[in-house]
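So that the names make sense, note that chain A is the first sequence line, chain B the second, and so on, each numbered from 1. The model shown is predicted, which means the values in this text are computed figures rather than measured ones. Every heavy atom of this structure was used, including side-chain atoms; hydrogens, water molecules and symmetry mates were not.
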Amino acid sequence: MPAPETTVAPMISLRNVQKRFGDHFALHDISLDIGAGEFFSLLGPSGCGKTTLLRILAGIEQPTSGSLSIGGDAMAGVPANRRPTNMVFQSYAIFPHLNVEENIGYGLRNMSIPRTEAAARVAEALALVKLDGLGRRNADQLSGGQRQRVALARALVCRPKVLLLDEPLSALDKNLRQDMQSELRALQRAVGITFVFVTHDQEEALAMSDRIAVMNGGRIEQVGQPAEIYDQPATAFVASFVGTLNRLTARVTERGAGHLTVAGVPLHLPAAASGPGAEVTLAVRPETLRLGRDPECDLVLPARVVEVQFLGSIVRTRVDVGGDVISLDSFNRPGSPVPAIGSSAEVSLRSKDVIVTQAP
Amino acid sequence: MTFLNRFAGLRLYAVLFVIFIYGPVLLLPLFSLDTGLYPTFPLKGLTLQHYAEMAANTSMIEALKNSLTVAVIVSALSTTVSIPAALALSRYRLPGAAAVLGFMSLPLLIPSIVIAVALLIILLKFLGVALSLWTVGAGHVLICIPFCMSVLMSRLEGFDPSLEEASRDLGCTGWQTFWRLTLPLAMPGVISSLLMGFVVSFDEFVIAFFLSGTQTTLPIFLFSQLRFPDKLPGVLALGSLILAGSAVLVVLAELLRRRGAKSANPGDI
Ligand SMILES: Nc1ncnc2c1ncn2[C@@H]1O[C@H](COP(=O)(O)OP(=O)(O)O)[C@@H](O)[C@H]1O
Ligand SMILES: [Mg+2]
C-alpha cells in the first residue's frame with residue numbers, strides 16, 4: 001500500500017525550523033512535509049528534539065527561526081489555543097479536579113456548541129475510546145490505560161486537523177502497549193485525521209506509521225516509509241537505530257573502489273567507493289543471514305559460533321566473522337540442530353542485502 | 001535499654017509536651033466558668049455569668065467587630081494580591097525572582113515594632129493620613145503577604161506544567177485557563193491563604209497598637225482592660241470563645257488541606 005504522497009498541498013509544512021534554548025540547539029534546520037490523513041511518526045532517541053518539534057507544531061513553543069504552516073495557513077503568531085491541532089501529552093495531563101466527561105468536554109466549551117450537541121459529542125468520544133459508562137469517574141480513579149484513553153478522547157472530540165501524540169504508549173505495560181498500537185492505528189484510519197506520533201521505540205514506529213522521520217541530535221536523518229527506513233537506511237545512525245544491525249569490517253583491495261575482502265572472501269559492492277587499502281564498514285540485518293551454505297546466496301563467509309540465545313520462536317546465534325561478532329536469526333524448528341558453541345560454521349548472505357556505511 | 005522502654009519514655013515526653021503547649025490555653029475556658037473574680041485554684045463554683053457580662057460589654061463587642069472587619073478585609077486583600085504574584089514567580093523564570101522572594105519574606109524577619117514605627121512615620125509625616133482602622137489594615141496587609149505568598153506558592157509549584165499547556169491546547173486563553181483550571185486547582189491554597197491572613201491580622205498587636213486611631217482592635221482593647229481586675233472574667237469568656245472559633249478554623253483548614261493533598265499529584269499514573 002503506497003503512503004499518501006505529498007504532491008497535493010501538505011497538511012503540515014515545516015521550512016528551516018530551528019529551536020535554540022540558550023546556546024543549545026534543540027532543533028537544527030528542520031524541513032518536512034506531512035500529508036493530510038497520514039500516520040506520521042517522529043522516531044529518535046531521548047533528547048533528540050521530538051517533543052520540542054511537537055510543541056512547536058502545537059504552538060506551545062515558538063521556533064527560533066523558520067516557518068510553519070498547517071492546513072495551508074501560516075502559523076506564525078497563531079497561539080496554541082487557535083491552532084487546528086490538539087495534543088495528547090506524555091503525562092496525559094488529565095485535569096485532576098474534573099471527572100472523565102468534564103475532561104473530555106473541556107475543549108468543547110470554548111467552541112460555542114449547544115449543550116446538547118456537546119454532550120452527544122462527549123458520549124461519542126467516550127464510545128470511540130471504549131470508555132462508555134465511565135463518564136462520571138473521577139480522574140484519580142483511572143488506570144494508566146484509561147487516562148491515556150481520556151487524553152485521546154479529549155483531544156479528538158475537538159476534531160482537530162492534526163492530532164499530536166507525545167509517546168502516548170510509553171507509560172503502558174508491554175501487552176497493553178501492543179493492543180493499543182493496533183487500536184490507535186485503527187482509530188486513525190476511522191477518523192481520518194493526520195496523526196503526528198512521537199516515539200523512541202523503533203518497533204512501534206515501524207508497526208504503526210505510514211511514514212517515519214528518524215531524528216538524531218536535533219536533525220532529521222531520513223524520512224520514508226517503514227520498509228524504506230529499514231531496508232535502505234540513509235545514514236549509519238538510521239541503520240543502527242532502526243532494527244538490530246551487524247557490522248562487518250571490509251577492506252578495499254588493490255583493484256580499487258567496489259572491490260572488497262571480508263574475512264578473506266572477495267566481494268564486489270559498487271557502493272563502496274573508497275580507494276585501495278581503505279577500511280569500509282558493512283551493515284547486515286540478522287534476518288538476511290543464513291547459517292550454513294545456502295545455494296540462493298552468493299557470499300559464504302567462514303565463522304565460529306560464540307553464543308546461542310533462545311528467543312522463543314526465534315533462535316539468535318552470535319558468530320565471529322573475521323574478528324567481528326555478528327548476530328543471525330533463524331526460526332526455531334523442532335528437530336533442527338542447534339549449533340555448538342565454539343564450533344566452526346559458515347554464514348551465507350546475498351551481496352545485495354549488504355548496506356555500505358562509511359567507517360565510523 | 002529495650003525498645004519498649006524507650007517507647008514508654010517517648011510517650012511520657014509526648015504527654016508532657018502536649019500539656020506544656022495546651023495547658024495554659026485550656027486554663028482559659030476553665031476560669032471563665034468560675035464564679036470567683038480572680039483566676040486561682042480551687043475553683044469556687046460554676047457559672048455562665050461572665051459570658052453574659054461579656055455580651056453586655058458594648059465596647060468589647062465593638063472592638064471584636066473592628067477586629068473581625070479588619071481581618072476579613074486584610075485576608076481577602078492580601079490573598080488577592082498574592083495570587084498573581086505567586087503565579088508569576090512559580091510559572092515563569094523571571095529575572096531576579098530569587099531577590100523578589102527574599103525581599104518578600106523580610107517582613108517575617110523584621111521585628112514588627114520596627115515595621116510599625118516605620119509605617120507610623122510614613123503615614124503621619126509623608127502621607128499625612130489620619131490613623132484609623134484603615135491604616136491598621138494597610139499595615140496588616142504588609143505583614144500578611146509573605147504568609148499568603150508562601151502558602152500559595154507551595155500549592156502552585158506542585159502542578160504538572162503540562163496541565164496549563166493542555167488547557168491552552170484545548171482552546172482556552174490565558175485568562176480562561178486561570179478561571180477554569182489554575183484557580184480551582186489552587187483553591188486549597190487560596191483557602192489556607194485566606195485563613196492565614198485572617199489569623200495573622202486578628203491576632204496582631206504591635207502594628208495595631210501604633211497605627212490605630214480612636215477605634216481599637218480586640219487585642220488592643222483586651223490589653224487596656226487588664227488594668228481593671230473586675231473586667232478580667234469577661235476577657236476570659238471572650239478568650240474562650242475565640243479559642244473555640246480558632247479550633248474550628250484549624251480543623252477546617254486541615255480537612256481542606258487533606259482534600260487538596262489527594263488531588264495534588266495529577267500526573268501520577
Ligand atoms: N524548556 C527547555 N529549556 C532548555 N532546554 C530544553 C527545553 N526543552 C527541551 N530542551 C532540550 O532540548 C533537547 C530536546 O529535548 P526534547 O525535545 O524534549 O527531546 P525528546 O522529546 O526527543 O526526548 C534536549 O537536549 C533538552 O534538554
Ligand atoms: Mg520527549
*Return yes when atom CD of A:Glu117 has more than 12 non-hydrogen atoms of other residues, nucleotides or ligands closer than 6.0 Å, and no otherwise.*
yes
_Between A:Arg55 and chain B, with a heavy-atom cut-off of 4.5 Å, which part of the residue counts as in contact: side chain, backbone, both or neither?_
side chain
*asked:* I'd like to verify something: which residue of A:Gly107, A:Ala139, A:Cys158 has the highest number of heavy-atom pairs under 4.5 Å with chain B?
replied: A:Gly107
*Go through the steps for B:Leu170 and A:Arg109 under the test side chain to side chain contact (heavy atoms under 4.5 Å, CB included), then give the verdict.*
CA-CA 9 Å; B:Leu170 290 165; A:Arg109 273 191 44 194; over 6 Å; no
*Between A:Pro96 and B:Leu163, which heavy-atom pair has the shortest distance, and what is it?*
CD-CD1, 4.0 Å
*Mind checking what makes ring pair (Phe, Tyr, Trp, His ring centres under 6.0 Å) contact with A:Phe89, not counting sequence neighbours?*
none
*asked:* Working note: B:Arg168 + A:Ile60, criterion side chain to side chain contact (heavy atoms under 4.5 Å, CB included); need CA distance, chi angles, decisive distance, verdict.
replied: CA-CA 8 Å; B:Arg168 297 300 296 273; A:Ile60 299 168; over 6 Å; no
*Does B:Arg180 reach the main-chain N or O of A:Tyr106 with its side chain, forming a donor-acceptor pair under 3.5 Å?*
yes
*When you look at CZ of A:Arg15, are more than 12 heavy atoms from neighbouring residues, nucleotides or ligands closer to it than 6.0 Å?*
yes
*asked:* Counting only heavy atoms from other residues, nucleotides and ligands, does the tally under 6.0 Å from CZ of A:Arg177 exceed 12?
replied: yes
*Which atom of A:Asn110 lies closest to which atom of B:Cys172, heavy atoms considered*: ND2-SG, 3.2 Å
*Do any N or O atoms from the side chain of A:Asn86 and from the backbone of B:Asp169 form a donor-acceptor pair under 3.5 angstrom?*
yes
Result block: side-chain N/O donor-acceptor pairs under 3.5 angstrom for residues 14-25 of chain B, not counting sequence neighbours:
none

